[in-house]
Amino acid sequence: SLCVSVYSLGLNRGVYDCGTCVFSLQHMIDTDPSKYPSHSISESFSSACDSLFGTTDYCKQFNMNYDTSALKVSSTARAACEELGACFPGEKELWKQADATSDIDIRVAKVHGPRGYDKIRVSAISNETINSELFSYSQPFKYRWTSNTLNTGVLSVTPGQKTSITIQDQTFEIYVPEENSPVRGALFADPCYANDYVWCTYRDTFNTFNRSTELLNAISAHGDTDFWMLLGDNFYDQTGEITANWFNALSSKTKSMVYGTVPGNHDFWIMSAPLVWMPKQDQLGNGFMQWNGQDVASSVYSDGGVLTEAYDFSNDPDDPNGDAHNLPPAGDFFWYYKLGNVGFIAYSGGHSYEEMLPYFEESCEFMTSADPEAVLLLGHWNSPGLGCPKDMFVPATYHEILSLPACAPIADRMKYFMGHEHCNKVVEKDVGFMIAGQGMTASLPCGGNFGFPVVDTYGGNFTVYFFDIAQVDEYDNYDSIIDCITQYGVSSCYHLATVWTDIPFAQ
C-alpha cells in the first residue's frame with residue numbers, strides 16, 4: 001500500500017516500476033505510436049508518464065533511462081517493459097495455475113444485520129448465468145471484470161446445523177454457528193503473490209501463493225473454524241485475473257465458510273492512490289464488490305425478503321464527468337452482522353466519514369440490540385492518505401465512532417483489525433491489530449514478516465492467536481505450523497502461536 005516513494009529492490013525494479021513502465025508505454029502507443037519503438041524512447045517515456053498520471057512529481061521518482069539499444073518491436077507494452085528491464089519476463093507463467101480445486105466458485109456471506117441471523121447470501125461467480133432456485137439475481141458484472149457473471153441469492157439456514165446446497169451437481173455444506181455461541185476465524189490483509197502491477201518483495205521468499213491457499217484449505221478442513229476475512233489490497237489486481245487464480249486454489253470447504261472482506265487503496269487504484277488514477281482501467285472497487293459477494297447496506301430486497309439488486313451501480317466509473325473519486329456508493333462496501341457471539345462492522349476507508357456516519361450509527365444500534373460479546377471493526381488503512389481521508393483510517397474511525405451516542409453501549413466491546421502497512425503487530429493493547437504482512441514490501445520497523453491471526457471467543461475470553469510463519473533472514477516456521485493444522489486443526493495448534501491478547505469479555 002505504501003506509495004508514492006520508490007523502494008530500490010535490486011535490478012532497479014522498484015515497487016511500482018513495472019506498472020509505471022507498462023501503463024506509460026501503453027499510453028505512448030495509444031496516443032503517439034510514431035514514437036514506439038525508438039532509441040529516444042526514454043524521453044518520450046517521461047512525457048507519456050507525465051501525460052498519463054497528470055503530475056511530474058510522480059514520474060520523476062522513476063528511472064526512465066532504460067537501455068533501449070536492444071529494444072525489439074514488441075506486440076505489447078508489457079513485453080517491451082520486460083525487454084527494458086522494468087518487469088520480469090514471463091511473470092504470468094510464474095503464478096498462473098492450471099486447474100481450479102472446485103468447479104463452482106462460491107462465496108458465502110452472512111446477510112446484512114437487520115435481515116436475519118438465520119440467513120446467508122450465497123454467490124457463484126461464473127462465465128455465464130447459472131439456473132438455480134438459489135439465485136434471485138444473475139447478471140454479468142457491470143463496468144469491470146465483465147467476463148464474469150454474478151449469480152447470488154439469499155438462503156435460510158438452521159444455525160448450529162449444516163445446510164447442504166447443490167449448484168450444478170456440486171454439493172456444498174454451509175455452517176452458521178448458533179447465535180451467542182463461541183466462534184473462531186482467520187484474518188489476512190494485503191495478500192501479494194503476483195508482480196504484474198506492483199512488486200511483491202517477499203513473494204518468492206515466503207512462497208505466498210502456495211502457503212496462503214494451503215493454510216486456508218487446511219484451516220477449513222477440520223470444522224473448527226467459522227469464518228475467514230481479507231482486509232483489502234486483495235492481490236493487487238486490476239483486471240480480476242490474479243484474484244481468480246488465487247480463488248481457484250481454494251477448496252470447496254474453504255469457499256463454504258462465511259467470508260468477509262473490505263477494500264483497500266489498491267482495490268480502487270491499482271497504482272495505490274487517486275494521484276495515479278488510471279481512467280477506464282482502474283476498477284475503482286467495481287470488480288472487487290461483485291467478485292466478493294458481500295451482502296451490503298446498498299443491496300436491495302423485496303418486501304418478501306428476496307434479493308433484487310445486488311449492489312448500487314448508480315456511479316459509472318467511466319462517466320466523462322467523473323474523476324479518481326468516482327467510486328461506487330459507500331453503502332456498497334458497508335456491512336455488519338452478528339456471527340455467534342461476535343459482531344462485525346466493515347467499511348471502506350476510501351469514502352468520507354459523512355457518507356459512512358449513518359451506517360456507523362445504524363450498525364451500533366444493531367449491535368446494542370444484538371448484544372454480542374465482542375464487536376470487531378474491520379477496515380484497511382492504518383493512516384490517512386492514498387485515498388483515505390484523515391478521519392477514515394481505522395484507528396481514527398474507531399475512536400471517532402466511540403464518541404457517537406449510538407455506539408456508547410458497545411464501546412467497551414469494540415476492537416479493530418486493519419492492513420495497509422505491511423506488518424503484523426498489536427498497535428493498541430487488547431484493542432487494535434495490524435495483519436498485513438503477507439508478501440508485500442517491508443515496512444520499518446517490522447521488516448519482512450509473514451503470518452496471520454486467529455480470533456477465538458471460546459472459554460469466555462476474547463483471544464487473538466498470531467501464527468508467526470516467517471521473518472526474512474531469521475526463521476521460517478511454516479512446515480511445523482502447516483503440518484500441525486493439517487493433522488489436528490488450527491484450534492489444536494495454539495502452542496505454535498503467540499498470544500496477542502486474551503481478555504475476559506466485558507461485563
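All values derive from a computational prediction rather than experimental measurement. In what follows, every heavy atom counts, from backbone to side chain, and hydrogens, waters and symmetry copies are set aside. Positions are given from 1 along the sequence.
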Scan side-chain atoms only and decide if [X] and [Y] contain a donor-acceptor pair under the 3.5 Å cut-off.
X	Y	result
Asn180	Asn341	no
Thr501	Asp430	yes
Asn265	Ser272	no
Asn326	Asp319	no
Gln290	Asn148	no
Thr171	Thr166	yes
Asn449	Gln471	yes

Got [X] and [Y] here, is their nearest side-chain heavy-atom distance under 4.5 Å?
X	Y	value
Phe313	Tyr143	yes
Thr158	Asp118	no
Leu216	Leu250	yes
Thr163	Phe172	no
Tyr193	Gln438	no
Ile125	Leu150	yes
Val198	Cys192	yes

For [X] and [Y], work out which heavy atoms get closest and say how close.
X	Y	answer
Asp267	Val262	OD2-O, 4.3 Å
Gly419	Ala189	CA-CB, 3.8 Å
Gly287	Phe141	O-CE2, 4.0 Å
Met289	Asp312	CE-O, 4.3 Å
His325	Pro274	CE1-CG, 3.6 Å
Met367	Pro372	O-CD, 3.2 Å

Note to self: Test side chain to side chain donor-acceptor pair (under 3.5 Å) on Thr397 and Asp391; report intermediate values, then the result.
What the structure shows: CA-CA 6 Å; Thr397 301; Asp391 49 3; over 6 Å; no
So does [X] pair up with [Y], basic N to acidic O under 4.0 Å?
X	Y	answer
Lys255	Asp105	yes
Asp371	Arg413	yes
Arg144	Asp318	yes
Lys338	Glu179	yes

For Tyr311, the ring pair (Phe, Tyr, Trp, His ring centres under 6.0 Å) test, sequence neighbours excluded, returns none
Angle between ring planes, [X] versus [Y], binned at 30° and 60°: parallel, tilted or perpendicular?
X	Y	value
Phe462	Phe417	perpendicular
Trp246	Trp228	tilted
His420	His380	perpendicular

Is there a donor-acceptor pair closer than 3.5 Å between any side-chain N or O of [X] and the backbone N or O of [Y]?
X	Y	value
Trp335	Thr261	yes
Glu214	Ser212	no
Asp295	His112	yes
Trp145	Gln238	yes
Asp332	Pro328	no
His266	Ile270	yes
Glu365	Glu362	no
Asp237	Thr243	yes

**OP:** Quick one: do Gln161 and Tyr175 satisfy side chain to side chain donor-acceptor pair (under 3.5 Å)? Show the steps, please.
**Re:** CA-CA 6 Å; Gln161 298 180 19; Tyr175 179 80; over 6 Å; no
Are [X] and [Y] an aromatic pair by the rule of ring centers under 6.0 Å?
X	Y	value
Tyr416	Tyr398	yes
Tyr117	Tyr337	no
Phe247	Trp291	yes
Phe268	Phe333	yes
Tyr347	Tyr359	no

Notebook entry, point to check: Would Phe334 and Phe360 satisfy ring-ring contact (aromatic ring centres under 6.0 Å, His included), going step by step from the backbone distance to the final call?
Noted result: CA-CA 9 Å; Phe334 198 99; Phe360 284 132; 5.4 Å; yes
Side chain to side chain donor-acceptor pair (under 3.5 Å), that's the test. Do Arg107 and Thr152 meet it? Break it down for me. CA-CA 9 Å; Arg107 312 282 178 271; Thr152 187; over 6 Å; no
**Asked** Run the side-chain contact (heavy atoms from CB on, under 4.5 Å) check on Tyr478 and Arg211 step by step: do they pass?
**Response** CA-CA 8 Å; Tyr478 181 74; Arg211 288 182 169 188; 3.4 Å; yes
From the list Phe466, Tyr465, Tyr458, ring-ring contact (aromatic ring centres under 6.0 Å, His included) with Tyr494 holds only for Tyr465
Per side chain to side chain donor-acceptor pair (under 3.5 Å), Arg184 is matched among Thr457, Asp456, Thr463 by Asp456
Only one of Thr213, Thr208, Asn207 passes side chain to side chain donor-acceptor pair (under 3.5 Å) with Asn210, and that residue is Asn207
The residue among Leu378, Val464, Leu230 that forms side chain to side chain contact (heavy atoms under 4.5 Å, CB included) with Leu187 is Leu378
When Asp412, Val342, Thr368, Ile410 are each screened for side chain to side chain contact (heavy atoms under 4.5 Å, CB included) with Val375, the one that passes is Ile410
Donor-acceptor contacts, no H, no angles, side chain residues 480-490, under 3.5 Å, sequence neighbours left out:
residue, atom, partner, partner atom, Å
Ser480, OG, Asn477, O, 3.0
Thr486, OG1, Ile482, O, 2.7

Trace of the ring-ring contact (aromatic ring centres under 6.0 Å, His included) decision for Phe227 with Tyr259: CA-CA 6 Å; Phe227 65 89; Tyr259 163 62; over 10 Å; no
Candidate pair Asn217 and Thr254, rule side chain to side chain donor-acceptor pair (under 3.5 Å), full reasoning:
CA-CA 6 Å; Asn217 291 339; Thr254 299; 2.8 Å; yes
